[in-house]
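In what follows, a single structure is set out as structure tokens and then discussed.
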Amino acid sequence: MPLVKNQIIPLTIDALSSDGNGVGRFEGQAVFVPFAAVGDVLSVKVVKICKSYAFGIVESVLTPGTGRIPADCPIFGRCGGCCFRHLSYEAELAAKQGFVADALRRIGGSDVTVEGILSGAPLHYRNKSQYPVSADGQVGFYKARSHQVIPVDCCRIQKPQADAAAEALRRYIRECGVPCYDERTRRGLVRHLYVRTNSAGQSLVCVLVNGKKLPCEDALVSLMRQALPNAVGVVLGVNTQPTGAVLGSEYRTLWGADVLEDTLCGLSFRLSVPSFYQVNHDMAEVLYDTAVDFAGLTGHETVLDLYCGAGTITQVMARRA
């Protein structure tokens with residue numbers, strides 16, 4: 001029997017797809033379900049039917065899979081930032097290892113053994129945060145597949161400094177009556193908040209605006225410095241383009257420095273707002289050390305680092321080549 005939209009079906013999840021959806025089969029047809037875990041027995045509502053597969057949403061969990069845990073984030077499922085907070089960390093790593101093995105086998109045609117994942121701290125590891133701001137002054141993250149801003153008070157993967165800066169921006173918008181950018185009308189000023197934090201806990205803050213200046217800029221600086229005592233600078237970024245791009249091409253320092261210094265693999269880097277830099281500092285060190293080890297350099301080779309961002313891999317490789 002063909003599936004029908006809005007039909008409620010029982011479904012056992014056999015695997016996870018590379019985009020995080022659970023995959024089960026009903027009457028031989030694949031059904032993809034977000035926020036599912038391998039081994040789940042679910043009651044699923046069919047919401048979209050394609051030629052050879054369908055999509056559904058969880059109505060209820062009849063029997064949880066062994067990797068399912070209670071989500072630790074109150075906005076999980078609404079915020080589009082995370083898709084695995086309902087899985088234990090061990091189940092998440094196993095799923096990701098499976099994604100790599102599947103890609104190598106199915107796309108690459110190579111049936112190889114994938115080694116275990118080298119992993120670090122699963123919480124508060126991101127050193128760069130970019131918060132969109134809605135036309136009504138909400139500061140948070142986009143809902144999945146939309147530009148609807150979901151307010152976020154405390155993000156489990158961002159640094160606490162980023163949460164503090166977001167709250168300071170909310171206060172500034174509210175207390176100073178600052179208009180925020182509306183994507184439909186292309187009016188308003190405040191578009192995004194950008195926060196980068198180094199391994200010493202210092203932060204560089206940038207507010208991206210649809211214009212050249214903000215009202216009450218001194219008040220913005222004061223609120224940011226109160227919220228982030230270890231901030232090194234507050235920068236205004238100009239982005240007047242009618243696109244979804246976050247960063248602009250022009251920056252003006254409102255207070256302090258326009259760069260943030262960080263140490264990676266024993267080397268110092270000066271990072272401006274648009275500098276590319278790995279968002280997970282500790283795992284970047286593991287990644288680079290592993291890359292150098294696998295390269296097997298003897299000191300006589302010439303290494304080219306193309307599209308090198310802030311030059312982190314370049315400098316690490318330069319020690320051995």
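Positions are given from 1, in the same order as the sequence printed here. None of the values given here were measured: they were computed from a predicted structure.
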Any residue meeting ring pair (Phe, Tyr, Trp, His ring centres under 6.0 Å) with Phe26, in chain and number order, not counting sequence neighbours: none
Contacts of Phe32 that satisfy ring pair (Phe, Tyr, Trp, His ring centres under 6.0 Å) - sequence neighbours left out: Tyr53, Phe55
Pairs touching residues 305-321 that satisfy side-chain hydrogen bond (donor to acceptor under 3.5 Å, both in side chains), sequence neighbours left out: Tyr288-Thr312, Asp305-Thr314
Pairwise salt bridge (charged side-chain N to carboxylate O under 4.0 Å, His left out) hits with a residue in residues 60-80, at least two apart: Asp40-Arg68, Asp72-Arg85
Residue pairs, two or more places apart or on separate chains, that pass salt bridge (charged side-chain N to carboxylate O under 4.0 Å, His left out) and touch residues 116-145: none
Under 4.5 Å side-chain linkage, directly or through intermediates, the cluster mates of Leu62: Val41
Contacts of Asn127 that satisfy side chain to side chain donor-acceptor pair (under 3.5 Å) - sequence neighbours left out: none
Other cluster members, Leu123 - Ile/Leu/Val/Met/Phe/Trp/Tyr, side-chain contacts below 4.5 Å: none
Contact list for residues 61-94, test ring pair (Phe, Tyr, Trp, His ring centres under 6.0 Å), sequence neighbours left out: Phe35-Phe76, Phe76-His86
Backbone N/O of Cys265 and side chain of Glu285: donor-acceptor pair under 3.5 Å: yes
I'd like a table of donor-acceptor pairs (distance under 3.5 Å, sequence neighbours excluded) in which one partner is a side-chain atom from residues 220-247, with atom names and distances.
unit_1 : atom_1 : unit_2 : atom_2 : d
Ser222 : OG     : Gln226 : NE2    : 3.1
Asn239 : OD1    : Gln241 : N      : 3.2
Asn239 : ND2    : Ala245 : O      : 2.8
Asn239 : ND2    : Val246 : O      : 3.2
Thr243 : OG1    : Ala245 : N      : 3.3

With sequence neighbours excluded, residues passing ring pair (Phe, Tyr, Trp, His ring centres under 6.0 Å) with Tyr194: none
Contacts of Tyr131 that satisfy ring pair (Phe, Tyr, Trp, His ring centres under 6.0 Å) - sequence neighbours left out: Phe141
